[in-house]
2 protein chains.
Amino acid sequence: MFMITLTEENYIKAIYHLGKQGHEMVNTNALAEAMNTKASSATDMIRKLAEKDYANYKKYKGVSLTESGKKIAVNIIRKHRLWEVFLVEKLNFTWDEVHELAEELEHIKSKKLIDELDAFLGHPTHDPHGDPIPNKDGEMTLVEKTLLSQAQINMKYSCLGVNDSSSEFLQYLNNNDIGLGAIIEVMHIEPFDKSISIKANGKLLTVSQSVAKNLYLKKI
Amino acid sequence: MFMITLTEENYIKAIYHLGKQGHEMVNTNALAEAMNTKASSATDMIRKLAEKDYANYKKYKGVSLTESGKKIAVNIIRKHRLWEVFLVEKLNFTWDEVHELAEELEHIKSKKLIDELDAFLGHPTHDPHGDPIPNKDGEMTLVEKTLLSQAQINMKYSCLGVNDSSSEFLQYLNNNDIGLGAIIEVMHIEPFDKSISIKANGKLLTVSQSVAKNLYLKKI
DNA sequence: ACCATGGTTTAGGTTGGTCTAAAAATATAC
DNA sequence: GTATATTTTTAGACCAACCTAAACCATGGT
């Protein structure tokens, strides 16, 4: 029996996210930070994952996922994002409320559950934050995304998603009527602090550089 | 912060069920058996639960739930049964497939989730096995139930639920077209082995005593 | 009243995931 | 190219939940 623990799953997911879909090496400190734990604990877990062949590990050189590790990560992400869609579409949650709850739900182990949920939701392709949902086979459609911080002046964009999905950031967006699909036009970029004046759904608004770095757009 | 672990929740639930809604004392061996563990482990956990004031415990005398323990148990049961309804009504599960999955889902911690789910399902009062679903305040409607093994001859009943919700038993019922609400008429009771001949949804069928002891009926 | 028996608790040990503190390896600075 | 700083690993311990084995209580039979 190949038992995989909750904690192992969470480390695998963190390695996947930190290493850009699991391709780059992730260093121990970054992983420990992401897991809210200490480097020594991360080292222990990394060894265990390598032992079980979910991760590639060379001492002092960082960690990356093996194919089997990536498969696990993608499956968890699929579950996470499907649950998010469910919560928002069916249970009246808002996009800033779903992340933590989905972190719990993503660990429920049942293939049938997730496939039926997928069908029940009409096989959605993106979650409420604009992130793509992997299909049964782990494939997902990667869309060309531009950060608002790199958008061109006088161009029109639509809002595709966010990078940081903390509720603070999402609530900031809510307060300014920016959601998925919002129409955003870049009016002016202030050279001094790189803050950006935009027209969002018709309303004028100036956003800081750090906001701009967390908002994904698509040219329209 | 009052942290309650998954394992603690499962022990509390087991004490509740074994002690008939938490009123009777439960002995250590029975609890260990139900939890698939050893008596010594059960003792450890019982002490911890008593420590946290979820259980009343006198050495060598067994364990029962305190009011706060009962509240926790009822809440878990509410979650369990609502998830079962969801799985059957929305995700095409059959009544014999849902129990184990609901054992996982019942531990998800979110008040909003469960209240929204309740509303989404139209505030159901019974789960797919006929068991009552506690409301927000932990109240549930206890219906007068008769076991088939105690039913009277020549009377008509409708199927209210089951005692044993193992998938083996539920599949046996499926194979004989017996589900919730099925009309059951007691035709004959064999004195020798107490097997019972019934007409179930019009079809004649003879069931053993052990089946009869697990099927709840209501006079109609 | 005693003792055998079975149920229950204690003692001591294991495992998974965590920690702190110290040692080892690598990276950076001059 | 050596010294210093940073990152990573190791060593040793802790806690929750479990185990086995031994000691402990309670009860029922004689």
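Protein chains get the first letters and strands the later ones, always in sequence-line order, with residue 1 at the start of each. This is a predicted model, so every value here is computed, not measured.
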Peer 1: Does D:dT9 have its OP1 or OP2 closer than 4.0 Å to a side-chain nitrogen or oxygen of A:Tyr57?
Peer 2: yes

Peer 1: Nearest whole angstrom, please: distance from the C1' of D:dA21 to the NZ of B:Lys38.
Peer 2: 12 Å

Peer 1: Have a look at B:Ser41 and say if it touches a base, only the backbone sugar-phosphate, or nothing, with a 4.0 Å heavy-atom cut-off.
Peer 2: base

Peer 1: Take atom CG of A:Leu31 and atom C1' of D:dT9, then tell me their distance rounded to the nearest Å.
Peer 2: 14 Å

Peer 1: Rounded to the Å, how far apart are B:Lys58 NZ and C:dT8 P?
Peer 2: 16 Å

Peer 1: Just to confirm, is there a sub-4.0 Å distance from OP1 or OP2 of D:dT6 to any side-chain nitrogen or oxygen of A:Asn29?
Peer 2: no

Peer 1: For A:His107, enumerate each residue passing the ring-ring contact (aromatic ring centres under 6.0 Å, His included) test, keeping only those at least two apart in sequence or located in another chain.
Peer 2: none

Peer 1: Which residues satisfy the ring-ring contact (aromatic ring centres under 6.0 Å, His included) test with A:Tyr11, sequence neighbours excluded?
Peer 2: none

Peer 1: With sequence neighbours excluded, give me every ring pair (Phe, Tyr, Trp, His ring centres under 6.0 Å) pair touching residues 121-143 of chain B.
Peer 2: none

Peer 1: OP1 or OP2 of D:dT9 less than 4.0 angstrom from a side-chain nitrogen or oxygen of A:Thr43, does that happen here?
Peer 2: yes

Peer 1: Quickly work out the A:Leu49 CG to C:dG16 P distance and round it to whole Å.
Peer 2: 13 Å

Peer 1: Quick one: salt bridge (charged side-chain N to carboxylate O under 4.0 Å, His left out) pairs with a partner in residues 127-136 of chain A, sequence neighbours left out?
Peer 2: A:Arg81-A:Asp127, A:Asp115-A:Lys136

Peer 1: Please determine, for the side chain of A:Asn27, which listed nucleotide (C:dT20, D:dT8, D:dC18) has the closest atom?
Peer 2: D:dT8

Peer 1: Before giving the answer on side chain to side chain donor-acceptor pair (under 3.5 Å), spell out for B:Asn56 and B:Ser64 the whole-Å C-alpha distance, their side-chain angles and the decisive distance to 0.1 Å.
Peer 2: CA-CA 5 Å; B:Asn56 306 115; B:Ser64 66; 3.3 Å; yes

Peer 1: Among all residues two or more places apart in sequence or in another chain, which pass the side chain to side chain donor-acceptor pair (under 3.5 Å) test with A:Asp44?
Peer 2: none

Peer 1: Considering residues at least two apart in sequence or located in another chain, which fulfil the salt bridge (Lys or Arg N to Asp or Glu O under 4.0 Å) criterion with B:Glu104?
Peer 2: none

Peer 1: Treating B:Asn176 as the side-chain partner and B:Tyr172 as the backbone partner, does any N or O pair qualify as donor plus acceptor under 3.5 Å?
Peer 2: yes

Peer 1: Once you apply a heavy-atom cut-off of 4.0 Å, does B:Thr28 come out as touching a base, just sugar-phosphate, or nothing?
Peer 2: sugar-phosphate

Peer 1: Output a table of nitrogen or oxygen pairs between the protein and nucleotides 13-16 of chain D separated by less than 3.5 Å.
Peer 2:
none

Peer 1: Can you list the residues that meet the salt bridge (Lys or Arg N to Asp or Glu O under 4.0 Å) rule with B:Glu103, with sequence neighbours excluded?
Peer 2: B:Lys13

Peer 1: Is there any protein nitrogen or oxygen under 3.5 Å from a nitrogen or oxygen in nucleotides 21-27 of chain C, and what are the pairs?
Peer 2:
residue, atom, partner, partner atom, Å
C:dA25, O4', A:Tyr60, OH, 3.4

